[in-house]
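Contents: one structure, followed by commentary.
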Amino acid sequence: MKNKYQINEELKSQRLDKAVTTLDKEMSRVMCQRLIDEGQILVNRQKTKIFV
């Protein structure tokens, strides 16, 4: 299942894992970090690191 999240101005200064878990209350921060490391969470359709 693919989810799309839109990071608003309020969340732009936060780490990517924190911003995503703020938007998706069911996802743990550890799971989010793992998905980012695996390239499962993209920013502007590109792999990224924890910080945006």
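All values reported here derive from a predicted model rather than from experimental measurement.
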Atom CD1 in I41, atom CD in Q33: separation rounded to 0.5 Å?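 Going from the CD1 atom of I41 to the CD atom of Q33 covers 10.0 Å.
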How would you list, by chain and number, every residue that makes a side-chain contact (heavy atoms from CB on, under 4.5 Å) with T22, sequence neighbours excluded?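 Only L11, Q14, K18, K25 meet the side-chain contact (heavy atoms from CB on, under 4.5 Å) criterion with T22.
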Shortest non-hydrogen separation from R29 to D17 and the atoms involved: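 Taking R29 first and D17 second, the nearest heavy atoms are NE-OD2, 3.3 Å.
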Set out, in order, the CA-CA distance, both residues' side-chain angles and the distance that settles side chain to side chain contact (heavy atoms under 4.5 Å, CB included) for L23 and I7, then state yes or no. CA-CA 8 Å; L23 297 171; I7 306 298; 3.8 Å; yes
Once side chain to side chain donor-acceptor pair (under 3.5 Å) is applied, do any residues pair with E26, and if so which ones, sequence neighbours excluded?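 Expected list: none.
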Shared hydrophobic cluster for L16 and L42 (ILVMFWY, side-chain gaps under 4.5 Å):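 No, separate clusters.
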Donor-acceptor contact below 3.5 Å, side chain N44 vs main chain Q46: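 The answer is no, because no donor-acceptor pair under 3.5 Å joins these two groups.
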Is M27 close to N3 at the side-chain level, that is, under 4.5 Å between some pair of heavy atoms?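 A side-chain contact is absent here, since even the closest heavy-atom pair is not under 4.5 Å.
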More than 12 non-hydrogen atoms from neighbouring residues, nucleotides or ligands closer than 6.0 Å to CD on E38, yes or no?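 Yes, because the 6.0 Å sphere around CD of E38 holds more than 12 heavy atoms from other groups.
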